[in-house]
Asks: 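This is the structure I have questions about; it appears just below.
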Amino acid sequence: MLCTRCRHAEALPDGVLCPGCAAPAGFQAPPTGVAPNAWLRSPVGLGRAAAALLGLAAAVDVFALGADYFMYDVTGDPADYASDRGDLAHTLLSVAGGAQGFALIVCGVVYLVWFWRVRVNSEVFNPVGHRMRRGWTLGGWVVPIVNLWYPRRIMVDIWDASSAGNRPEGRALLNAWWALWLVSTAAGQVLYNAYDDADTSAEIHDAMSQVMIADTLDLLAALVAAALVLRVTRMQDRKAHAGPGVAVAV
C-alpha cells in the first residue's frame, strides 16, 4: 500500500508509513531502494560559508570604495596626481581590483555548491515543482542570454518548495537579490570601462565617480545575496526538521 503521509512511496510491510516518513525528522539518508541522487542534505554549513564569503566580498568592496575615493581626490589636482600620492592611488586600486576578483571566484564556487544543494533538497520537498532541469542550476549562470532569467526561475522554484505550509512565502528578498545582481553586473561592465579608457588626470577624476557607483552596487548585491542565502538555508532547515512530508525524488 502507499504511504498514508506522502502518498508516493510504498509503506513498510508492518506499517502505514514509508521508510522516509517513518524516520525521525531532519536531514537523513534516503530509504533503501530509492535513488540517492535526490535526498535531503543539510545546507546549513554551506549556507553559512557562502554568507560569510559574501560578507567578505562586501568588505572588499568597502576597501575598493576607499581606494576609489582616494584616486578621485588625488586626480582632482594634476600636481597631486603626479606626486607619490598618485602612485599610491594606482597601487590601492590595483590591490582592490585583485582582491575583488579573488573574492568573486572563491565566493562564486562556494555559492554554486550551496545553490546545487538547496536545489536538490527542494526536489525532495516538491518533486514536481521545478520548471528547469537540474543541470541548469549551474549552466544557467554561464549560458548567454538565458543567464538573464534562468537562475532566478530556479531560485523561485527552490523558494516555493522550501516555504513552510501550502503557500509560498513573499519573494521581496528574492526579487531584490536578482534585480541587484543584474544591475550591478551591467553597471560594472559599463562603468569600469570609463576608467580603462581614461588617460589624463581629469578623465580619471570623472571616471572614478562612475567606478564608485559600480562598487556601491556590488556591495549592495553581495549583502542582499548573503541575506538570501541565510533565508533559504533557514527555510530548508526548518522544513526538514518539521518532518518529511514527501518522498525522495527518483
Asks: Drop me the distance from Ser162's OG to Arg234's CZ, to the nearest 0.5 angstrom.
Replies: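 Separation between the atoms: 12.5 Å.
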Asks: For the residue pair Trp141 and Trp181, is the inter-centroid distance of their aromatic rings smaller than 6.0 Å?
Replies: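 Distance test on ring centres: under 6.0 Å, yes.
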Asks: Please round to the nearest 0.5 Å and tell me the distance separating atom CG of Leu148 and atom CZ of Arg153.
Replies: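 Leu148 atom CG to Arg153 atom CZ measures 12.0 Å (nearest 0.5 Å).
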Asks: Does any N or O in the side chain of Lys239 come within less than 3.5 Å of the main-chain N or O of Phe125, such that one atom is a donor and the other an acceptor?
Replies: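 No, because the side chain of Lys239 does not come within donor-acceptor range (under 3.5 Å) of the backbone of Phe125.
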Asks: State which residues pass side-chain hydrogen bond (donor to acceptor under 3.5 Å, both in side chains) with Glu169; sequence neighbours excluded, sorted by chain then number.
Replies: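 side-chain hydrogen bond (donor to acceptor under 3.5 Å, both in side chains) check on Glu169 returns Arg231, Arg238.
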Asks: State whether the number of non-hydrogen atoms from other residues, nucleotides or ligands found under 6.0 Å of Tyr69 atom OH is greater than 12.
Replies: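 Atom OH in Tyr69 is not crowded, with 12 or fewer foreign heavy atoms closer than 6.0 Å.
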Asks: Apply side-chain hydrogen bond (donor to acceptor under 3.5 Å, both in side chains) to Arg133 and list each qualifying residue two or more places apart in sequence or on a separate chain.
Replies: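 Per chain and number, Arg133 pairs via side-chain hydrogen bond (donor to acceptor under 3.5 Å, both in side chains) with no residue.
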Asks: How far does CG of Asn121 sit from CG of Leu40, to the nearest 0.5 angstrom?
Replies: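 One gets 5.0 Å once the value is rounded to the nearest 0.5 Å.
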Asks: Taking the side chain as every heavy atom from C-beta outward, state whether Leu220 and Ser184 have any atom pair closer than 4.5 Å.
Replies: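 No, their side chains stay 4.5 Å or more apart.
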Asks: With Arg171, which residues qualify under side-chain hydrogen bond (donor to acceptor under 3.5 Å, both in side chains), at least two apart?
Replies: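 For Arg171, the residues satisfying side-chain hydrogen bond (donor to acceptor under 3.5 Å, both in side chains) (neighbours in sequence not counted) are Asp160.
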Asks: How many angstroms lie between CD in Gln100 and CG in Asp218, if you round to the nearest 0.5 Å?
Replies: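 It comes to 6.5 Å.
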Asks: Taking side-chain contact (heavy atoms from CB on, under 4.5 Å) as the definition, give me every residue that meets it alongside Leu191, ordered by chain and number, with sequence neighbours left out.
Replies: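 By the side-chain contact (heavy atoms from CB on, under 4.5 Å) rule, Leu191 matches Ala187, Gln210, Ile213, Ala214.
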Asks: State, with a plain yes or no, whether a side-chain heavy atom of Leu180 is found less than 4.5 Å away from one of Val183.
Replies: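 Leu180 vs Val183: side chains apart.
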Asks: Applying the 4.5 Å side-chain criterion to the ILVMFWY set and letting contacts propagate, would Leu92 and Met208 be lumped into a single cluster?
Replies: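 Yes, Leu92 connects to Met208 through the hydrophobic network.
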Asks: Determine whether Leu217 and Trp178 fall in the same hydrophobic cluster, where Ile, Leu, Val, Met, Phe, Trp and Tyr are linked whenever their side-chain heavy atoms lie under 4.5 Å apart.
Replies: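 No; Trp178 is not reachable from Leu217 via cluster members.
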Asks: Starting at CD of Gln236, measure out to OG of Ser122 and round the result to the nearest 0.5 Å.
Replies: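 These two atoms lie 6.0 Å from each other.
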Asks: Determine, stepwise, if the pair Tyr81 / Met71 fulfils side chain to side chain contact (heavy atoms under 4.5 Å, CB included).
Replies: CA-CA 8 Å; Tyr81 179 65; Met71 176 63 85; 4.1 Å; yes
Asks: Name the atoms and distances for all side-chain donor-acceptor pairs under 3.5 Å in residues 111-120, with sequence neighbours left out.
Replies:
from   : atom 1 : to     : atom 2 : distance (Å)
Trp114 : NE1    : Thr233 : OG1    : 2.9
Arg117 : NH1    : Ser42  : O      : 2.7
Arg119 : NE     : Glu123 : OE2    : 3.0
Arg119 : NH1    : Met132 : O      : 3.3
Arg119 : NH2    : Glu123 : OE2    : 3.4
Arg119 : NH2    : Met132 : O      : 2.8

Asks: Do Leu88 and Phe70 have side chains that get closer than 4.5 Å, going by heavy atoms?
Replies: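 Yes, close enough: below the 4.5 Å cut-off.
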Asks: If every non-hydrogen atom of Ala176 is compared with every non-hydrogen atom of Val224, which pair is closest and at what distance?
Replies: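 Shortest heavy-atom contact: C-CG1, 4.1 Å.
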Asks: Hey, any chance Val156 and Trp177 share a hydrophobic cluster, counting ILVMFWY side chains that come within less than 4.5 Å of each other, even indirectly?
Replies: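 As far as the 4.5 Å side-chain criterion goes, Trp177 and Val156 are connected within one cluster.
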Asks: Under the rule for side-chain contact (heavy atoms from CB on, under 4.5 Å), what residues qualify as partners of Arg48, not counting sequence neighbours?
Replies: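 Result, side-chain contact (heavy atoms from CB on, under 4.5 Å) vs Arg48: Val44.
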Asks: If two hydrophobic side chains count as joined below 4.5 Å and joins carry through other members, does Val229 share a cluster with Leu104?
Replies: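 Result: no, two separate clusters.
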Asks: Please list, chain by chain and in numerical order, all residues satisfying ring-ring contact (aromatic ring centres under 6.0 Å, His included) with Trp136, sequence neighbours excluded.
Replies: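 Partners of Trp136 under the ring-ring contact (aromatic ring centres under 6.0 Å, His included) test: Tyr150.
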Asks: Which pairs, with at least one residue in residues 185-214 and sequence neighbours excluded, count as a ring-ring contact (aromatic ring centres under 6.0 Å, His included)?
Replies: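 ring-ring contact (aromatic ring centres under 6.0 Å, His included) check on residues 185-214 returns Tyr72-His205.
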Asks: For Gly47 and Leu230, work out which heavy atoms get closest and say how close.
Replies: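 Shortest heavy-atom contact: O-CD2, 4.4 Å.
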Asks: Please list, chain by chain and in numerical order, all residues satisfying side-chain hydrogen bond (donor to acceptor under 3.5 Å, both in side chains) with Ser94, sequence neighbours excluded.
Replies: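 Testing Ser94 for side-chain hydrogen bond (donor to acceptor under 3.5 Å, both in side chains), a comparison that skips the adjacent residues, returns none.
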Asks: Please collect all salt bridge (Lys or Arg N to Asp or Glu O under 4.0 Å) contacts where either partner lies in residues 188-209, sequence neighbours excluded, each pair once.
Replies: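 Found none.
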Asks: Is there any salt bridge (Lys or Arg N to Asp or Glu O under 4.0 Å) pair reaching into residues 55-73, and which pairs are they, with sequence neighbours excluded?
Replies: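 Residue pairs passing salt bridge (Lys or Arg N to Asp or Glu O under 4.0 Å), neighbours aside: Asp73-Arg85.
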Asks: Would you tabulate the side-chain donor-acceptor contacts of residues 49-60 under 3.5 Å, counting partners in other chains and residues two or more places apart, or write 'none'?
Replies:
none

Asks: For the hydrophobic clusters of this structure (ILVMFWY residues joined by side-chain heavy atoms under 4.5 Å, transitively), does one cluster hold both Val190 and Val211?
Replies: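 Different clusters: Val190 never reaches Val211 through Ile, Leu, Val, Met, Phe, Trp or Tyr contacts under 4.5 Å.
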Asks: Side chains of Arg152 and Leu174, heavy atoms from C-beta outward: is any pair under 4.5 Å?
Replies: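 Yes, at least one pair of side-chain atoms sits under 4.5 Å.
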